[in-house]
Amino acid sequence: MKIEHAALWTADLEQMKAFYETYFGASAGDKYTNVKKQFQSYFLQFESGARLELMTKPACIGKDEGRVYLGYAHIAFSVGSEDKVVELTERLRRDGYTVEGEPRVTGDGYFESVVLDPEGNSIEITV
């Protein structure tokens, strides 16, 4: 058994697609649009075969700062080495993204950092 994909509600579908393509090597499929439900999505494919579905729908956008009320706790990307964790973390910092957790060994033994995507969702960057 394996996880088929994870899904994330987003306020800005195109911005989020570009973020995951630029920094995590995702390839987006065609945009899906359901006019009747006012729903749009992209499936993003990663080199490992993992997939992330980015979804948007006006009814899901919260009134507080444009945030979505429901979403995931975090998503973790394995980049292969401690040096690559540090390198990607620094690249994201230089490009203006928030580093919420500096590269470190956590209590459960992971070497990771935590950054926020354009909408404030947590991303763990791990070995």
Side-chain angles (χ1 to χ4, degrees):
M1 188 178 317
K2 68 177 185 172
I3 295 173
E4 206 290 322
H5 73 273
L8 173 65
W9 287 110
T10 177
D12 189 329
L13 191 62
E14 299 302 325
Q15 178 186 38
M16 293 292 278
K17 177 177 82 77
F19 175 82
Y20 285 98
E21 288 174 327
T22 300
Y23 296 104
F24 296 96
S27 297
D30 294 336
K31 182 191 283 185
Y32 169 74
T33 301
N34 181 319
V35 177
K36 184 177 180 181
K37 293 184 178 182
Q38 296 184 309
F39 174 86
Q40 294 181 321
S41 70
Y42 283 107
F43 271 98
L44 305 181
Q45 179 90 27
F46 297 88
E47 188 177 314
S48 68
R51 297 189 321 148
L52 176 65
E53 183 181 12
L54 299 177
M55 309 177 303
T56 193
K57 181 177 177 176
C60 294
I61 307 303
K63 294 178 183 172
D64 299 329
E65 301 174 15
R67 301 259 330 189
V68 177
Y69 285 110
L70 299 175
Y72 62 77
H74 71 265
I75 190 167
F77 289 88
S78 174
V79 295
S81 73
E82 290 183 8
D83 288 341
K84 288 181 180 179
V85 170
V86 172
E87 181 182 306
L88 182 54
T89 303
E90 290 308 313
R91 180 179 174 202
L92 286 156
R93 184 192 323 269
R94 281 191 312 273
D95 289 350
Y97 295 98
T98 300
V99 176
E100 191 168 68
E102 296 295 331
R104 71 209 179 281
V105 176
T106 63
D108 54 1
Y110 282 94
F111 185 84
E112 69 179 36
S113 67
V114 179
V115 298
L116 302 181
D117 71 14
E119 294 185 353
N121 298 296
S122 294
I123 300 169
E124 290 182 357
I125 304 171
T126 70
V127 173

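Bear in mind the structure is a predicted one, so any value in this text is a computation, not a measurement.
Between I123 and F19 there is a side-chain heavy-atom pair separated by less than 4.5 Å. Two residues are said to be in side-chain contact when any heavy atoms from C-beta on lie closer than 4.5 Å; D117 and Y23 fail this criterion. For the pair V115/Y97, no side-chain contact is recorded, criterion being any heavy-atom separation below 4.5 Å from C-beta on.
L116 and M16 fall into different hydrophobic clusters, where Ile, Leu, Val, Met, Phe, Trp and Tyr residues are linked whenever their side-chain heavy atoms come under 4.5 Å apart, directly or through other members. Under the 4.5 Å side-chain contact rule for hydrophobic residues, W9 and F43 do not share a cluster. Residues F24 and L8 share a hydrophobic cluster, clusters being chains of Ile/Leu/Val/Met/Phe/Trp/Tyr side chains in contact below 4.5 Å. Hydrophobic cluster membership is shared by L52 and L88, with clusters built from Ile, Leu, Val, Met, Phe, Trp and Tyr side chains linked at under 4.5 angstrom. Following chains of ILVMFWY side-chain contacts shorter than 4.5 Å, one cannot reach L92 starting from V114, and the two form parts of different hydrophobic clusters.
When every heavy atom of T10 is checked against every heavy atom of D12, the shortest pair comes out as OG1-N, 3.2 Å. Between S113 and P103, the shortest heavy-atom distance links the atoms CB-N, 3.8 Å. Residues A11 and E119 come closest through the heavy atom pair N-OE2, 2.9 Å. Considering all non-hydrogen atoms of both residues, E21 and A28 come closest at OE2-CB, 3.5 Å.
Rounded to the nearest 0.5 Å, atoms OG1 (T56) and OH (Y42) are 11.5 Å apart. Y20 OH to L44 CG: the interatomic distance, rounded to the nearest 0.5 Å, is 8.5 Å. For the atom pair NZ of K57 and CD of Q38, the computed distance is 8.5 Å after rounding to the nearest 0.5 Å. One distance of note links OG1 of T22 with CZ of R91; it measures 7.0 Å at 0.5 Å rounding. With rounding to the nearest 0.5 angstrom, the CD1 atom of I75 is 12.0 Å from the CD1 atom of I125.
For an aromatic pair to be called close, the ring centres must be under 6.0 Å apart, and F46 with F77 satisfies this.
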Step by step, work out the salt bridge (charged side-chain N to carboxylate O under 4.0 Å, His left out) result for K84 and E87. CA-CA 5 Å; K84 288 181 180 179; E87 181 182 306; over 6 Å; no
Give the intermediate values and the outcome of side chain to side chain contact (heavy atoms under 4.5 Å, CB included) for residues R93 and E102. CA-CA 10 Å; R93 184 192 323 269; E102 296 295 331; 2.7 Å; yes
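The number of heavy atoms from other shown groups lying within 6.0 Å of CG (D95) is above 12. Within 6.0 Å of NZ in K31 there are more than 12 heavy atoms belonging to other residues, nucleotides or ligands.
A donor-acceptor pair under 3.5 Å is absent between the side-chain atoms of T98 and the main chain of E100, judged by distance alone. Judged by distance alone, with hydrogens and angles left aside, the side-chain atoms of E124 form no donor-acceptor pair with the main-chain N or O of E112 at under 3.5 Å.
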